[in-house]
Amino acid sequence: MKLAKLIFGFALLPCIFGCSFQSESARVSTLHFNWKAPESFRVEELAEKNGTKFRILYQCELVRTNAGIVLRWLDAKITEVNGEKVNDSKDLRQTVESIEDSFRYPPFLIDQNGRFIKVINVEDSVKRASEMLDKIAPDKSGDRSKFYAKFGETETGRRVLNQVFGLIWQNWVEVWVDVGLAEGQTSSDEGTTMVFEGIEIPAKVKLTNLGAMKSNTNLLSLKYECELATTNFTAGLNDFIEKTTKETSLKSAGPITNAVSLKRSTILEVQTERKTLKPHWAKRTLTTTVSVPGEDTETTLEVHEYKFIWDGKAHLN
């Protein structure tokens, strides 16, 4: 189970577990992606995982290229850790400098309709994360650092990492593209979600148009919920681990023989411009529980809250 926990604990990057809403019954061509490009903006993120909170300020730019629309992450600064301002402490400033580079994400390639295509040069991001591990925990990184260093170079790794990073854009824009619910209307359906590469699990999904914001009627408040649970996760997980160990040349502890149960809740929220799908606030909440007989049940809570700064003005929730 060692490698399985290693994969589950992909803590240096956004959470791998997203929900893909496959049903078309709730999708009507109403909301459309219509950002201007080039356009610069800032995003303030409050990220929390297992009780640790980071506040990060990103400088971003959306540009049009021959390949398509590209979201560039120009800079990232950690401004707070667990409520303490970084600039108020020399020691804290030195500490965050060693991990800050891992928050400078690679460019995202987006299609004309606002759908995520892939990450550009994802291997560079994984390399930086691996180097960061070696710096901050040289005596503890071991197999974890080796895994990260090799994983991003494999085809499976690149596909998984595209899922990881793609969840950011899904939360901001993609989930809401072509949604045509009336204000106050909710659509419920069943679809599938890809948990790992090649492993899809049935899921119940719900999409709600909560209506216009009272403070700004040009903004719609939307909510997406995905719930899944399975007690038959072992075979797919073993297949994924076997494939991953072969591609990374890492040793496997052998197949998992115990039944692995997975339970996960994904909630995506946004306050976005109805005419452009430019978000002013977004939030992603993921609760994942993995149970294995004979081992402690592991529950991970991950929350990402985003506030967008357009034209020099912050639009706060």
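With values rounded to the nearest 0.5 angstrom, Glu48 atom CD is found 8.5 Å from Asn82 atom CG. Expressed to the nearest 0.5 Å, how far NZ of Lys77 lies from CD1 of Ile56 amounts to 13.0 Å. Note that the OG1 atom of Thr272 and the CG atom of Asn218 stand 11.0 Å from one another [nearest 0.5 Å]. Taken from CG in Leu92 to CD in Glu97, the straight-line distance is 10.0 Å, to the nearest 0.5 Å. The distance from atom NZ of Lys204 to atom SG of Cys226, rounded to the nearest 0.5 Å, is 11.5 Å. Going from atom CG of Asn34 over to atom CD of Gln112 covers 11.0 Å, rounded to the nearest 0.5 Å.
The hydrophobic cluster containing Val177 also contains Val175, counting ILVMFWY residues as joined when their side-chain heavy atoms lie under 4.5 angstrom apart, directly or transitively. Taking hydrophobic clusters as Ile, Leu, Val, Met, Phe, Trp and Tyr residues chained together by side-chain heavy-atom distances below 4.5 Å, Val43 does not share a cluster with Leu46. Linking Ile, Leu, Val, Met, Phe, Trp and Tyr residues whenever their side-chain heavy atoms come within less than 4.5 Å leaves Ile168 and Ile267 in two separate clusters.
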Walk me through it: do Arg55 and Glu44 pass the test side chain to side chain contact (heavy atoms under 4.5 Å, CB included)? CA-CA 7 Å; Arg55 191 178 297 276; Glu44 184 184 62; 3.6 Å; yes
Start with the C-alpha gap between Lys85 and Glu80, add the side-chain angles, then the distance that decides, and say whether salt bridge (charged side-chain N to carboxylate O under 4.0 Å, His left out) holds. CA-CA 4 Å; Lys85 294 185 181 300; Glu80 289 184 14; 3.3 Å; yes
Checking side chain to side chain contact (heavy atoms under 4.5 Å, CB included) for the pair Leu207/Val179: CA distance, chi angles, key distance, verdict? CA-CA 9 Å; Leu207 188 60; Val179 169; 3.6 Å; yes
Just do the side chain to side chain contact (heavy atoms under 4.5 Å, CB included) check on Leu181 and Thr208 with the steps written out, would you? CA-CA 7 Å; Leu181 296 176; Thr208 304; 5.8 Å; no
Could you go through Leu167 and Leu286, starting from their C-alpha distance and side-chain angles, then the distance that decides it, and tell me whether this counts as side chain to side chain contact (heavy atoms under 4.5 Å, CB included)? CA-CA 11 Å; Leu167 188 55; Leu286 305 104; 4.1 Å; yes
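Residues Phe41 and Trp35 bring their aromatic ring centres within 6.0 Å.
Under 3.5 Å, the side chains of Glu227 and Ser265 contain a donor-acceptor pair of N or O atoms.
Between the side chain of Asn209 and the backbone N or O of Gly184, no donor-acceptor pair lies under 3.5 Å. Judged purely by atom type and a 3.5 angstrom limit, Trp176 uses its side chain to pair as donor or acceptor with the backbone of Asn171. Put simply, the side chain of Asn113 never gets that close to the backbone of Arg115: no donor and acceptor are under 3.5 Å apart. Panel note: side chain Asp189, backbone Val205; no donor-acceptor pair is recorded below 3.5 Å. In terms of modelled atom types and a separation under 3.5 Å, the side chain of Trp281 and the main chain of Glu305 share no donor-acceptor contact. A side-chain donor-acceptor contact under 3.5 Å links Thr65 to the backbone of Ala67. A donor-acceptor distance shorter than 3.5 angstrom exists from the side chain of Glu174 to the backbone of Phe116, with no hydrogens or angles considered.
Side-chain contact between Val63 and Pro38: present, with at least one pair of heavy atoms (C-beta onward) separated by less than 4.5 Å. Trp73 is not listed as a side-chain neighbour of Arg104, based on a closest heavy-atom distance of 4.5 Å or more. In this structure the side chain of Leu268 never reaches within 4.5 angstrom of the side chain of Lys283, judged on heavy atoms.
Across all non-hydrogen atoms, the minimal contact from Arg93 to Asn87 is NH1-OD1, 4.1 Å. Of all heavy-atom pairs spanning Thr79 and Leu57, the tightest one is CG2-CB, 4.3 Å.
Among Leu262, Leu301, Thr300, Thr297, the one residue that satisfies the side-chain contact (heavy atoms from CB on, under 4.5 Å) test with Thr289 is Thr297.
Remark: Glu269 engages no residue in a salt bridge (charged side-chain N to carboxylate O under 4.0 Å, His left out) (not counting sequence neighbours).
Between Trp169 and Trp172, the angle of the ring planes lies from 30° to 60°, which puts this pair in the tilted group.
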